[in-house]
Amino acid sequence: MSSLSTLSSSVRLEQGCWFKINFMCFQKGERKIRVVADKRVKRPSSISFRVSANSAEKDIRIGLLGASGYTGAEIVRLLANHPHFGVTLMTADRKAGQSMDSVFPHLRAQKLPRLISVKDADFSTVDALFCCLPHGTTQEIIKGLPSALKIVDLSADFRLRDISEYEEWYGQPHKAVELQKDVVYGLTELLRDDIKKARLVANPGCYPTSVQLPLVPLLKANLIKHENIIIDAKSGVSGAGRGAKEANLYSEIAEGISSYGVTRHRHVPEIEQGLSDVAQSKVTVSFTPHLMPMIRGMQSTIYVEMAPGVSIEELSQHLKSSYEDEEFVKVLEEGVVPRTHNVRGSNYCFMNVFPDRIPGRAIIISVIDNLVKGASGQALQNLNIMLGLPETTGLLHQPLFP
């Protein structure tokens, strides 16, 4: 074992107490864990132990499906500082046989397995799985995985509970209907009790995360009306994925703003599903996303009507009290405008509430990093919870600025 970080100590054991010996053995790069014994101490004695920390010896083996995309690479980046999760399996069908640093050179410093195709993956060698495959390809693969695996799926394939709604918005029938009833939607701050017990978590989309975090507490408290919610959302180009598309070329994106998915963006039913759940009635929103000439970052500017007699101060105070104990959601001081620059590279969501010039209306601004809180960071937060770890583990990177 590496001597990079070693702790040596001893423990005094008194007569009658129980102790457990748990050790790991590494042979030819293969990780094995064995529990040696549970025993009662027959006479007072001392035992000595030594713990060595090495990135290659993390105790929970993580598989990553779809590692060659931006969300897969972001998970690898975040896991570099995770004390328990180590990547032992990575798939990328089109990049099979390549090393991860040949696909993403910025990850060169990490010791990672070579990329393989999904059909060659041995899932018995991992304890948990992040699935970063494209929409429409995940359902059949997850359906065939071992039932003991904890899985966080970053695609949209399990986010919509209504199977017919999935077919309407994604243009194909659901291929794992039997799994859908057991899926937990992974909006961490609002659904963590359900996430703790889940085997399969559907990680929220980036836009739905930025919209639901401010709106759900306000709707639940009946502080805003269910009608006339308008969402003007903007995202960096990385939200469109890494695939080569003409619309995403530099000359198509730079020095301009483009709206897309007008009235038909696939995140609409996901947003409406979450808002309708807390409103206990159907909520329909007006949602228009825009592609911005920046790499990462997301801002949702949301226009709402306040309930009769409710003030801006009450909206702000309720959001602050809802999130006062949360590490990753921050309601800013009065008058401070959230900026995407201030959450870049982090798992934070910054938000604030402002009075509209139109009486009775409010403007809510919410910003996240679309690749972290909007995808890979929230996925890691969820898997931490599913495996009984502090949810902030590996995620306390501060935002990168400038």
Side-chain angles (χ1 to χ4, degrees), residues 22 24 26 29-35 54-69 71-92 100 107 110-116 118 120-133 137-155 157-159 176 179 182-188 191-204 347 372 375-395:
N22 185 342
M24 288 185 293
F26 295 85
E30 190 172 306
R31 171 185 171 282
K32 302 177 181 177
I33 296 181
R34 289 189 293 163
V35 176
N54 186 303
S55 62
E57 299 171 0
K58 296 179 181 181
D59 52 308
I60 299 175
R61 302 166 298 174
I62 300 297
L64 178 56
L65 304 187
S68 61
T71 56
E74 199 71 352
I75 283 174
V76 173
R77 180 181 75 87
L78 295 172
L79 291 187
N81 291 315
H82 198 290
H84 302 291
F85 293 171
V87 180
T88 59
L89 178 126
M90 305 173 74
T91 76
M100 189 62 168
L107 299 173
Q110 296 195 52
K111 296 186 184 301
L112 297 165
R114 295 188 80 81
L115 299 168
I116 60 173
V118 172
D120 295 327
D122 179 2
F123 294 106
S124 68
T125 64
V126 298
D127 304 308
L129 201 65
F130 291 108
C131 191
C132 303
L133 296 170
T137 64
T138 302
Q139 291 159 355
E140 286 188 303
I141 291 172
I142 289 182
K143 184 168 63 173
L145 294 177
S147 59
L149 273 182
K150 297 282 190 177
I151 303 168
V152 179
D153 178 31
L154 282 78
S155 81
D157 279 9
F158 292 98
R159 293 175 190 161
L179 287 181
D182 298 323
V183 173
V184 170
Y185 185 68
L187 193 59
T188 318
L191 296 167
R192 62 167 57 87
D193 288 341
D194 294 328
I195 294 166
K196 286 178 184 177
K197 301 172 285 187
R199 179 236 164 187
L200 172 57
V201 166
N203 210 60
N347 198 50
V372 190
S376 305
Q378 187 159 221
L380 177 52
Q381 194 177 352
N382 284 328
L383 190 59
N384 282 335
I385 291 173
M386 294 165 75
L387 294 177
L389 297 172
E391 65 187 71
T392 59
T393 308
L395 286 170

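What's counted below: heavy atoms across the whole structure, side chains too, no hydrogens, waters or symmetry copies. For the single chain, residues carry numbers from 1 onward in sequence order.
- Two residues are said to be in side-chain contact when any heavy atoms from C-beta on lie closer than 4.5 Å; Leu149 and Val126 meet this criterion.
- Of all heavy-atom pairs between Ala121 and Thr91, the closest is CB-CG2, 4.1 Å.
- Between Met90 and Ile116 the shortest side-chain heavy-atom distance does not fall below 4.5 Å.
- Between Phe130 and Ala379, the shortest heavy-atom distance links the atoms CE2-O, 3.5 Å.
- The two atoms that bring Asn382 and Gly186 nearest to each other are ND2-O, 3.0 Å, heavy atoms only.
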> Would Val201 and Tyr185 count as a side-chain contact (heavy atoms from CB on, under 4.5 Å) if you check the C-alpha gap in whole Å, the side-chain angles of each, and the deciding distance to 0.1 Å?
Replying inline: CA-CA 6 Å; Val201 166; Tyr185 185 68; over 6 Å; no

> Can Asp153 and Asn203 be said to form a side-chain hydrogen bond (donor to acceptor under 3.5 Å, both in side chains), step by step?
Replying inline: CA-CA 6 Å; Asp153 178 31; Asn203 210 60; over 6 Å; no

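- For Thr71 (side chain) and Ala375 (main-chain N/O), no donor-acceptor pair under 3.5 Å exists by modelled atom type.
- The pair Glu74-Arg77 meets the salt-bridge criterion, since a charged nitrogen lies less than 4.0 angstrom from a carboxylate oxygen.
- Among residues two or more places apart in sequence or in another chain, the salt bridge (charged side-chain N to carboxylate O under 4.0 Å, His left out) test is passed with Asp182 by none.
- Ring planes of His82 and Phe85: parallel class, angle under 30° (limits at 30 and 60°).
- When side chains are defined from C-beta on, Leu179 counts as touching Arg199, because their heavy atoms get closer than 4.5 Å.
- Contact check for Leu64 versus Leu89: no side-chain heavy atoms found under the 4.5 Å cut-off.
- For the pair Leu133/Ile141, a side-chain contact is recorded, criterion being any heavy-atom separation below 4.5 Å from C-beta on.
- To the nearest 0.5 Å, atoms CG (Asn347) and CG (Leu78) are separated by 7.5 Å.
- Contact record, Asn384 with Thr393: ND2-O, 3.0 Å, taken as the closest heavy-atom pair.
- To the nearest 0.5 Å, atom OG1 of residue Thr188 and atom CD of residue Gln378 are 4.0 Å apart.
- The side-chain heavy atoms of Leu383 and Ile62, taken from C-beta on, include a pair separated by under 4.5 Å.
- Note that OG of Ser124 is 11.5 Å distant from CG of Leu145, once rounded to the nearest 0.5 Å.
- Within the 4.5 Å cutoff, no side-chain heavy atoms of Val184 are placed close to those of Leu200.
- Atoms CG and CD, from Leu380 and Glu391 in turn, are 10.5 Å apart once rounded to the nearest 0.5 Å.
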> Please walk me through it: do Ile75 and Cys132 pass side-chain contact (heavy atoms from CB on, under 4.5 Å)?
Replying inline: CA-CA 9 Å; Ile75 283 174; Cys132 303; 3.7 Å; yes

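- Closest heavy-atom contact between Met386 and Ile151: CE-O, 3.6 Å.
- From Ile142, atom CD1 reaches atom CG of Asp157 across 7.5 Å, with rounding to the nearest 0.5 Å.
- Here the side chains of Met100 and Gln110 are not in contact, with every heavy-atom distance at 4.5 Å or above.
- The heavy-atom pair separating Arg61 from Thr88 by the smallest distance is CB-OG1, 3.6 Å.
- Distance check, rounded to the nearest 0.5 Å: NZ of Lys58 to CG of Leu79 gives 6.5 Å.
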